[in-house]
Amino acid sequence: QVQLVESGGGLVQAGGSLRLACAASGRTFSKDTMGWFRQAPGKERESVAIINWSGSNTYYADSVKGRFTISRDIAKNTVHLQMSSLKPEDTAVYYCAATRSLLLQIDGRAYDYWGQGTQVTVSS
């Protein structure tokens, strides 16, 4: 059974940091493009950060550039999102997703597997 399980969310003050983790299981994801998405209440899901299979290519939403860093450990089938200088507008449920596409897919509809999400709340 293929699973993506996120962890690391929580409540943090503005300016603080959090490190999200996504553990993949059920098969190897070494050739998958992995992504972090988020959805705030009343808003559409948006892509936050994407990383290709080798880690050599990444994408960041303009709103998080310079503050968030996506990384992956192919051997451990994990993906991380280091979030720094957090702002209240970063508050959302964060989802990890995987797609077999070798391209950096920004559209969530391209992703085949999704985690259950982890809540990130940034207080002002």
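Between the side chains of T91 and E89, no donor N or O sits under 3.5 Å from an acceptor N or O.
With hydrophobic clusters built from ILVMFWY side chains whose heavy atoms lie under 4.5 angstrom apart, V79 shares a cluster with Y94. One hydrophobic cluster, built from ILVMFWY side chains closer than 4.5 Å, holds both M34 and W36. V48 and I50 fall into different hydrophobic clusters, defined by Ile, Leu, Val, Met, Phe, Trp and Tyr side-chain heavy atoms under 4.5 Å apart, directly or through other members. In the hydrophobic clustering of ILVMFWY residues, with side-chain heavy atoms under 4.5 Å counting as a link, V2 and L4 come out together. Clustering ILVMFWY residues whenever any of their side-chain heavy atoms sit less than 4.5 angstrom apart, transitively, puts F68 in the very cluster that holds L20.
Scanning all heavy atoms of the two residues, the minimum distance from A14 to P88 falls at CB-CD, 4.1 Å. In this structure, A40 and A92 approach most closely via the heavy-atom pair N-CB, 3.8 Å. Across every non-hydrogen atom of R72 and T33, the tightest pair is NH1-CA, 4.4 Å. The two residues A49 and L81 have their closest heavy-atom pair at CB-CD1, 3.9 Å. Closest heavy-atom contact between T28 and N77: CA-ND2, 3.8 Å. A pairwise comparison of heavy atoms in K65 and Y60 identifies CE-O, 3.3 Å as the closest pair.
Here OG of S84 is found 9.0 Å from CZ of R67. Values are rounded to the nearest 0.5 Å. Annotation: the span from L104 atom CG to T99 atom OG1 amounts to 10.5 Å, rounded to 0.5 Å.
Ring centroid separation for the pair W114 and F37 comes in under the 6.0 Å cut-off.
In this structure, R109 fails the cation-pi test against Y111, since its NZ or CZ atom is not both closer than 6.0 Å to the six-membered ring centre and inside 45 degrees of the ring normal.
The residues D107 and R45 are annotated as not salt-bridged, no charged nitrogen and carboxylate oxygen being separated by less than 4.0 angstrom.
For W53, the CH2 atom sits in a loose shell: 12 or fewer heavy atoms of surrounding residues, nucleotides or ligands are nearer than 6.0 Å.
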